[in-house]
Chemist: 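Dropping a structure here in structure tokens format, bear with me for questions.
As the structure lists them, so they are numbered: ligands from 1, and atoms in each ligand from 1.
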Amino acid sequence: MSILRIAIQKSGRLSEKSLGLISEAGISFNNSDRKLITQATNFPIELLFLRDDDIPQYVADGVADIGIVGENVIFEKKSPIRVVEKLGWAKCRLSIAIPKSENYTGPSYLNGKKIATSYPNILQKFLDENKINCEIHEISGSVEIAPGIGLADGIFDIVSSGSTLISNGLREVEVVVKSEAVIIGDPNLSAEKQEILDKLLFRTRSVQQGKRHKYVVLNAPKENVDKIVNVIPGMKSPTVVTLAQEGWVSVHSVLEESRFWDIIDQLKECGAEGILVMPIEKMIE
Ligand code: PRT
Ligand code: ZN
């Protein structure tokens, strides 16, 4: 019987969410003390805990079947792997920043400058595309302090809120790529392992889908049901239940959460009242 081996970050920004994704899928592990490899007790997977930078290579080499990693790492490593699923968290961007006192005139400003980064390949590609000649100084950490100590004229690094740049007197001048956490996979998975992956994705997508939706229950005059059904069409169509009070019904439906506040006024115009909005744990269409 095959086991799907999943590489996740041992300790860092991706670790908790990666483990969360697996546990939301109803998968449990005996011990949580993060040995190098842990096997699930109720699903044919095992977890391999690694540094995020090593994950693409482990997947490319087939030592792990899939992995969870930031896109920035795969853009930099150029490993022959496929992105199986975008996960929508750990969102950030890779940007060029320079001291805030400098007058930035566009990419040509960077000609002849020295930029410190841990992402030399992505930066080089941007420079080539813009026909800019500048020196790349590769360092592995604390990139943001490089201009302040005279090591470089600017930096190319991960930015999320931007507060690290501000506290180092830097200004973001070019967003080169955007990144989020993704599931990557070995392009040549066996049919058995692909089947396990499909089952896992089915589960995680059902949970994600549930999180994006709400279950809505409301009361309304019977004659307005058609209008309300137009506003909240639901998964197939809403459930309409007769209330004990003559001429009134209760409508049950499913709604994308992001739309709720936009349509609440429309619902009220249709005479809806007693509106309840509830979370959905899992949603299978
Ligand atoms: O030890 P290991 O090598 O496994 O971990 P790591 O230190 O290389 O990575 P880690 O855990 O810091 O980040 C893992 C992944 O999270 C990254 O590869 C990105 O895909 C993603 N991510 C999302 C971020 C950030 N947001 C982020 N803000 N990674 C790093 N940062 C750092 C950034 O380097 C900078 O120092 O946070 C600072 C900027 O943050 P703001 O909010 O001040 O702009
Ligand atoms: Zn790393």
Chemist: So what's near the Zn ion (ligand 2), protein N, O or S atoms under 2.8 Å?
Modeler: Asp52 OD1, Asp53 OD1
Chemist: So which bit of Asn72 gets within less than 4.0 Å of ligand 1, heavy atoms only: side chain, backbone, both or neither?
Modeler: side chain
Chemist: Between Glu273 and Lys268, does any side-chain N to carboxylate O distance fall below 4.0 Å?
Modeler: no
Chemist: Distance below 4.0 Å between atom 2 (P) of ligand 1 and any protein heavy atom?
Modeler: yes
Chemist: First locate atom CG of Leu47, then atom CD1 of Ile22, and finally report the distance between them rounded to the nearest 0.5 Å.
Modeler: 5.0 Å
Chemist: Heavy atoms only, cut-off 4.0 Å: how does Ser161 contact ligand 1, side chain, backbone, both, or neither?
Modeler: both
Chemist: Quick check on contacts: which atoms of ligand 1 are under 4.0 angstrom from a heavy atom of Gly70?
Modeler: 20 (O)
Chemist: For the 3.5 Å polar cut-off, considering only N or O atoms, please tell me whether Gly162 and ligand 1 meet it.
Modeler: yes
Chemist: Would Glu256 and Lys214 pass as an ion pair if we require N to O under 4.0 Å?
Modeler: no
Chemist: Using the salt bridge (Lys or Arg N to Asp or Glu O under 4.0 Å) rule, take Glu172 and Arg93 through it: C-alpha gap first, then chi angles, then the decisive distance, then the call.
Modeler: CA-CA 11 Å; Glu172 186 176 9; Arg93 51 199 190 268; 2.7 Å; yes
Chemist: When you measure from atom 30 (C) of ligand 1 to every protein heavy atom, which one gives the shortest distance, and what is it?
Modeler: Arg13 NE, 3.3 Å
Chemist: With atoms numbered from 1 as shown, which atoms in ligand 1 lie under 4.0 angstrom from a non-hydrogen atom of Gly12?
Modeler: 11 (O)
Chemist: Inspect the contact between Lys282 and Glu24 and indicate whether a charged nitrogen and a carboxylate oxygen are less than 4.0 angstrom apart.
Modeler: no
Chemist: Which of the atoms of ligand 1 are close to Thr164, meaning less than 4.0 Å from one of its heavy atoms?
Modeler: 38 (C), 39 (C), 40 (O), 41 (P), 43 (O)
Chemist: Quick one: do Lys114 and Asp153 make a salt bridge, cutoff under 4.0 Å?
Modeler: no
